[in-house]
Trainee: 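Take this structure first; my questions come after.
Positions are given from 1, in the same order as the sequence printed here. When reading the values below, keep in mind they use all heavy atoms of this one structure, side chains included, and skip hydrogens, waters and symmetry mates. Please read these numbers as outputs of a predicted model, since none were measured by experiment.
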Amino acid sequence: LQPFGEWCNLQPKDAAKMPESAWKLLFYTLSWSYGIYLLFFTEYTFFYDPPSVFYDWKKGMDVPTDIAIAYLLQSSFYGHSIYATAYMDTWRKDSVVMLLHHVVTLTLIAFSYAFRYHNVGILVLFLHDVNDVQLEFTKLNVYFKHRGGVYHRLNDIISNIGCLTFSVSWFWFRLYWFPLKVLYATCHSSLQSVPNIPFYFFFNALLFILTLMNIYWFLYIILFVAKVLTGQMQEVNDMREYDVEDSKKTVMTKK
């Protein structure tokens, strides 16, 4: 992907970040597509009937092969993401929160598999991956709108549309459907299906931490959209590109 960025004659700063976003877009597109297959094209009814994630739950029950495959792919990706965020990716102001997010996500994946809460895990991953697809696609269009020393209006329009749909879907999937479907099932329905369900408080505490991080990033999104609407930003830039080096340069320029 790095040679492709050079071939497209991207700006040096954008060429350095493009491979990261392109790789994440590829993975999240595949993982979310697989989530769609599991939830809407198989016998699983978790999305339409969230309490069903705990129907017939038993300690040490077998994990279906199709769900186990999703868990293998996701745990591998987030295990690598912890290393990549710390040592490979561009360091940003929210990178510490992102690192915490990856640790919490990997912990949720590992323990939900061990506790046999894998049905919940599939629903959680589906509700989160869609936003990452939109985010990385929007970021790529931001990087590609200035290439070869020429401004490309189409990429700019796509990035503007992507910013809007990303903001709406973040609220809808992570702040509306996530509590409505996942937290309702794990906090309420689980006790009805399995009265003495193990690790109840531990598992729900991790899910609430994930919810708080979703709210934290949504505040970033609201501030970003507000700056665009009030004219403080003339064009859409990367929503996570609050680079430490860029911030220092901005402060020095103002001084």
Side-chain angles (χ1 to χ4, degrees), residues 1-33 36 81 84-85 88-95 97-98 101 127-176 213-254:
L1 292 171
Q2 286 180 339
F4 177 70
E6 295 174 359
W7 180 78
C8 292
N9 199 15
L10 299 179
Q11 296 180 1
K13 177 183 174 182
D14 296 334
K17 298 171 185 175
M18 186 276 295
E20 174 191 342
S21 291
W23 153 243
K24 289 180 179 178
L25 176 62
L26 175 62
F27 173 81
Y28 285 123
T29 300
L30 293 175
S31 64
W32 191 58
S33 299
I36 291 175
S81 295
T85 300
M88 296 175 61
D89 298 344
T90 303
W91 192 258
R92 304 174 174 93
K93 285 188 176 181
D94 69 339
S95 289
V97 180
M98 181 62 71
H101 170 271
L127 292 175
H128 283 70
D129 283 350
V130 58
N131 301 128
D132 292 303
V133 172
Q134 293 175 299
L135 175 63
E136 302 306 336
F137 180 73
T138 302
K139 287 166 67 175
L140 283 175
N141 278 280
V142 170
Y143 301 153
F144 276 84
K145 68 182 178 181
H146 295 291
R147 63 182 188 273
V150 180
Y151 165 75
H152 294 265
R153 184 173 180 77
L154 178 60
N155 293 110
D156 195 13
I157 293 174
I158 294 175
S159 65
N160 287 327
I161 296 174
C163 176
L164 178 62
T165 58
F166 169 77
S167 305
V168 174
S169 69
W170 185 284
F171 174 82
W172 192 259
F173 279 81
R174 298 197 181 197
L175 300 184
Y176 176 68
M213 286 189 287
N214 287 336
I215 295 173
Y216 168 82
W217 275 310
F218 187 65
L219 294 178
Y220 259 90
I221 296 169
I222 293 298
L223 289 173
F224 180 86
V225 173
K227 287 182 179 180
V228 174
L229 294 177
T230 57
Q232 297 181 46
M233 294 183 64
Q234 298 301 319
E235 59 180 358
V236 172
N237 294 311
D238 190 336
M239 281 168 277
R240 282 198 62 238
E241 299 306 330
Y242 298 103
D243 304 341
V244 174
E245 292 185 2
D246 288 352
S247 300
K248 291 180 180 178
K249 290 179 182 178
T250 302
V251 172
M252 292 302 293
T253 302
K254 288 181 179 179

Trainee: Could you work out, with side chain to side chain contact (heavy atoms under 4.5 Å, CB included) as the rule, every residue matching Phe218, not counting sequence neighbours?
Mentor: Trp170, Phe171, Leu175, Ile221, Ile222
Trainee: Which residues satisfy the ring pair (Phe, Tyr, Trp, His ring centres under 6.0 Å) test with Phe173, sequence neighbours excluded?
Mentor: Trp177
Trainee: When rounded to the nearest 0.5 angstrom, what distance separates CZ in Arg147 from CG in Leu10?
Mentor: 8.0 Å
Trainee: Indicate the atoms forming the closest heavy-atom contact of Gln2 with Pro19, along with that distance.
Mentor: CG-CG, 3.6 Å
Trainee: Please enumerate all residues that pass side-chain hydrogen bond (donor to acceptor under 3.5 Å, both in side chains) together with Asn141, with sequence neighbours excluded.
Mentor: Asn155
Trainee: Could you go through residues 26-33 and list every donor-acceptor pair under 3.5 Å that involves a side-chain atom there, pairing it with any protein atom two or more places apart or in another chain?
Mentor:
from	atom 1	to	atom 2	distance (Å)
Thr29	OG1	Leu25	O	2.6
Ser31	OG	Phe27	O	3.2
Ser31	OG	Tyr28	O	3.1
Ser31	OG	Asp129	OD2	3.1
Trp32	NE1	Phe126	O	3.2
Ser33	OG	Thr29	O	2.6

Trainee: With sequence neighbours excluded, tell me which residues meet salt bridge (charged side-chain N to carboxylate O under 4.0 Å, His left out) with Arg174.
Mentor: Asp132
Trainee: Are the side chains of Phe144 and His152 in contact, using a 4.5 Å heavy-atom criterion?
Mentor: no
Trainee: Provide the closest heavy-atom pair for Ser21 versus Leu140 in the form atom of the first, atom of the second, distance.
Mentor: CB-CD2, 3.9 Å
Trainee: On a heavy-atom basis, which atom in His101 and which in Trp217 lie closest, and how many Å separate them?
Mentor: CB-CH2, 3.5 Å
Trainee: Tell me, please, which residues at least two apart from Phe137 pass ring pair (Phe, Tyr, Trp, His ring centres under 6.0 Å).
Mentor: none
Trainee: Is a salt bridge present between Lys139 and Glu136, judged by a nitrogen-to-oxygen distance below 4.0 Å?
Mentor: yes
Trainee: Could you tell me which non-hydrogen atom of Ser167 sits nearest to which non-hydrogen atom of Cys163, and how far apart they are?
Mentor: OG-O, 2.8 Å
Trainee: Who pairs with Tyr176 by side chain to side chain contact (heavy atoms under 4.5 Å, CB included), at least two apart in sequence or on another chain?
Mentor: Trp172, Leu180
Trainee: Between Leu164 and Asn160, is there a side-chain heavy-atom distance shorter than 4.5 Å?
Mentor: no
Trainee: Between Ser159 and Asp156 (side chain of the first, backbone of the second, donor and acceptor by atom type, cut-off under 3.5 Å), is there such a pair?
Mentor: yes
Trainee: Using the rule given for side-chain contact (heavy atoms from CB on, under 4.5 Å), can you reason through Lys24 versus Leu135, listing the C-alpha separation, both sets of side-chain angles and the distance that settles it, and then say yes or no?
Mentor: CA-CA 10 Å; Lys24 289 180 179 178; Leu135 175 63; over 6 Å; no
Trainee: Mind checking ring pair (Phe, Tyr, Trp, His ring centres under 6.0 Å) for Tyr216 and listing every partner two or more places apart, or none if nothing turns up?
Mentor: Tyr220
Trainee: Show the nearest heavy-atom pair for residues Leu1 and Met18, with the distance to one decimal.
Mentor: O-CE, 3.0 Å
Trainee: What pairs with Gln11 under side chain to side chain contact (heavy atoms under 4.5 Å, CB included), at least two apart in sequence or on another chain?
Mentor: Asp14, His146
Trainee: Kindly write out the residues that satisfy side chain to side chain contact (heavy atoms under 4.5 Å, CB included) with Ala16, not counting sequence neighbours, or none if the list is empty.
Mentor: none
